[in-house]
Amino acid sequence: MQKRKLGNGLEVSALGLGCMGMTHSFPPFPEKKDMIEFLHKAVDHGVTFFDTAEVYGPYTNEELVGEGLAPFRKDVVIATKFGFVIGNTLPGLSGVDSRPQHIREVCEASLKRLKTDYIDLLYQHRVDPAVPIEDVAGTVKDLIKEGKVRHFGMSEASAQTIRRAHAVQPVTAVQSEYSLFWRKPEEDILPTLEELGIGFVPFSPLGRGFLTGKIDDKTKFENGDFRNVLPRFTEEARKANQVVVDMVTRFAEKKHATPAQIALAWLLAQKPWIVPIPGTRKLERLEENIGAAALELTADDLREIREASEQIKVLGGRYPEAMEKMTNL
Ligand SMILES: NC(=O)c1ccc[n+]([C@@H]2O[C@H](COP(=O)([O-])OP(=O)(O)OC[C@H]3O[C@@H](n4cnc5c(N)ncnc54)[C@H](OP(=O)(O)O)[C@@H]3O)[C@@H](O)[C@H]2O)c1
């Protein structure tokens, strides 16, 4: 797979792998040994960028990723995240904690779970309004000086907060939701990142699976599936939002590709410093998604997709209100 550069020189495969669903959000979860084998296959297929977080599981995702990638440690980039209070509720709903002492504790614990002595990219998962971002950036800067962390990232932060953090410790990548299902980062995040030379890592690039065309209003998610609480995934919303899938499917047919490939190729075509991290636990889907890196969309394709997307109003919030309030801070 081709490589891309995030920020000031973190080289990664053009598409990364989101590992969250291996232990979190989308039950039932596969066996750990199968996911370890899957991680090895992902490396064989040229994926060098893996996304995890303390909160995925919680904890078990980092353990899995650490064990699975240990044989390839020097050849891969592992990104993880701190900043949620780990509780019994959905991520985010128990609150945030980016106090410097807490960041240090989480970093040490993540290093142990990941079975490594450095984290390539450490993101703040959500901004903590109680802690000045300069203190967060300063703490990560110290961790970088100590060799425990290589790069600093932020997730779902506002443009203004990114700017303030970047002035203390250069930010290598911002990870926020971006896809044909959620284009808000185009308003002020992408221009800010372009100006500051920061890379962008779209999460949920397949709209949590919706853009692949494999989900419709009849789909029943398991108990505990995160999508059961997302306004955009109510039966009514899925029915109304099928127009987005129809649009993507139309372009897929035209390009002899799959809807997932169109969704990912569209993201890749927006900027050369964008690296989406689709999540999957299935080899055939990994291969399909990677295929997007070789799919060329012409300027006409991109214009047509954008125009078609702009005609559509997506129904339902992407997060429950309490979680949406934790973003863009
Ligand atoms: N920073 C944050 O706050 C944040 C938030 C959410 C996610 N993330 C990160 O972003 C990554 C990706 O986001 P996501 O998992 O929410 O959403 P996503 O990548 O948009 O979609 C994942 C879903 O799509 C399915 N899927 C993947 N490829 C497919 C294909 N080719 N055909 C049909 N279905 C396919 C997966 O099922 P299978 O696994 O069964 O294939 C899974 O249900 C996560 O793994 C996580 O690392 C970060």
Side-chain angles (χ1 to χ4, degrees), residues 6-8 10 19-20 23-24 50-67 69 73 77-176 196 198 201 203 322-329:
L6 293 171
N8 200 7
L10 178 61
C19 299
M20 176 183 77
T23 67
H24 193 84
F50 294 83
D51 192 74
T52 180
E54 177 199 32
V55 77
Y56 301 159
Y59 312 124
T60 49
N61 206 268
E62 287 186 327
E63 287 164 3
L64 165 68
V65 168
E67 191 173 333
L69 296 178
R73 181 64 191 97
V77 169
I78 299 179
T80 192
K81 318 181 191 81
F82 65 85
F84 279 126
V85 175
I86 308 292
N88 296 325
T89 50
L90 287 168
L93 296 183
S94 317
V96 288
D97 187 348
S98 279
R99 288 169 303 150
Q101 185 54 30
H102 183 70
I103 298 174
R104 287 193 156 273
E105 286 161 7
V106 176
C107 176
E108 292 299 337
S110 292
L111 285 167
K112 283 205 181 75
R113 284 189 292 269
L114 289 166
K115 295 173 187 61
T116 181
D117 50 10
Y118 65 95
I119 293 165
D120 298 277
L121 173 58
L122 182 64
Y123 294 101
Q124 181 192 40
H125 213 150
R126 288 292 180 277
V127 170
D128 181 348
V131 181
I133 201 64
E134 288 77 6
D135 294 355
V136 173
T139 305
V140 177
K141 190 183 188 88
D142 291 343
L143 290 168
I144 292 172
K145 275 195 209 128
E146 292 161 31
K148 294 177 176 169
V149 171
R150 300 226 163 135
H151 295 268
F152 177 32
M154 303 176 80
S155 177
E156 290 288 344
S158 68
Q160 194 200 7
T161 304
I162 294 166
R163 221 175 254 289
R164 281 171 50 200
H166 191 71
V168 176
Q169 165 59 45
V171 177
T172 296
V174 166
Q175 173 179 139
S176 295
L196 300 177
I198 300 173
V201 176
F203 75 70
M323 289 179 77
E324 188 61 44
K325 278 198 185 135
M326 304 178 104
T327 68
N328 201 31
L329 294 176

> Taking it one step at a time, do Cys19 and Leu64 satisfy side chain to side chain contact (heavy atoms under 4.5 Å, CB included)?
Replying inline: CA-CA 9 Å; Cys19 299; Leu64 165 68; over 6 Å; no
> Taking it one step at a time, do His125 and Phe82 satisfy side chain to side chain contact (heavy atoms under 4.5 Å, CB included)?
Replying inline: CA-CA 6 Å; His125 213 150; Phe82 65 85; over 6 Å; no
> Do Lys148 and Ile119 pass the side chain to side chain contact (heavy atoms under 4.5 Å, CB included) test, and can you show the C-alpha distance, the side-chain angles, and the key distance before you say yes or no?
Replying inline: CA-CA 6 Å; Lys148 294 177 176 169; Ile119 293 165; over 6 Å; no
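Side-chain contact between Val149 and Cys107: present, with at least one pair of heavy atoms (C-beta onward) separated by less than 4.5 Å. By the 4.5 Å heavy-atom criterion applied to side chains, Ile86 and Val55 are counted as neighbours. Proximity of Thr52 to Leu114: side-chain heavy atoms (C-beta onward) are separated by under 4.5 Å at one or more points. By the 4.5 Å heavy-atom criterion applied to side chains, Leu6 and Val77 are not counted as neighbours. With contacts defined as side-chain heavy-atom distances shorter than 4.5 Å, the pair Val127/Ser158 does not qualify. Contact annotation: the side chain of Thr116 never approaches that of Ile78 to less than 4.5 Å [non-hydrogen atoms, C-beta and beyond]. The shortest side-chain heavy-atom distance between Thr80 and Leu122 falls under the 4.5 Å cut-off. Two residues are said to be in side-chain contact when any heavy atoms from C-beta on lie closer than 4.5 Å; Phe203 and Glu156 meet this criterion.
Of the listed residues (Gln160, Gln124, Arg163), just one forms a side-chain contact (heavy atoms from CB on, under 4.5 Å) with Ile133, and that residue is Gln124.
Ion pairing between Lys81 and Asp51 holds under the 4.0 Å rule for side-chain N and carboxylate O. A salt bridge between Lys112 and Glu62 is absent, with no side-chain N of the basic residue lying under 4.0 Å from a carboxylate O of the acidic one. Ionic pairing of Arg73 and Asp120 is present here: one or more N-O contacts between side-chain nitrogen and carboxylate oxygen are shorter than 4.0 angstrom.
Side-chain contact check for Glu63 and Thr60: no donor-acceptor pair (N or O, by modelled atom type) lies under 3.5 Å.
Annotation for Pro132 and Ala130: closest pair CD-O, 4.0 Å, computed over non-hydrogen atoms. Across every non-hydrogen atom of Tyr123 and Ala79, the tightest pair is CE1-CB, 3.6 Å. Closest heavy-atom contact between Phe152 and Pro170: CB-O, 3.9 Å. Ala157 approaches Ser176 most closely through the heavy-atom pair N-OG, 4.4 Å. A pairwise comparison of heavy atoms in Gly147 and Tyr118 identifies O-CB, 3.6 Å as the closest pair. Taking every heavy atom of both residues into account, Val201 and Ala173 meet most closely at CG2-CB, 4.1 Å.
Expressed to the nearest 0.5 Å, how far CG of Asn328 lies from CE of Met326 amounts to 13.5 Å. For the atom pair CZ of Phe84 and CG of Asp97, the computed distance is 12.0 Å after rounding to the nearest 0.5 Å. Distance NZ/Lys325 to CZ/Arg126: 15.0 Å, rounded to 0.5 Å.
One N or O on the side chain of Ser155 and one on the backbone of Gln175 form a donor-acceptor pair closer than 3.5 Å. Judged purely by atom type and a 3.5 angstrom limit, Asp135 has no side-chain atom pairing as donor or acceptor with the backbone of Pro100. Although no hydrogens or angles enter the test, the distance criterion places a donor-acceptor pair under 3.5 Å between the side chain of His166 and the main chain of Val171. No donor-acceptor distance shorter than 3.5 angstrom exists from the side chain of Asn61 to the backbone of Tyr56, with no hydrogens or angles considered. A donor-acceptor pair is defined here as one N or O able to donate and one able to accept, closer than 3.5 Å; such a pair exists between the side chain of Thr161 and the backbone of Leu329.
Atom CD of Glu134 is surrounded by more than 12 heavy atoms from other residues, nucleotides or ligands within 6.0 Å.
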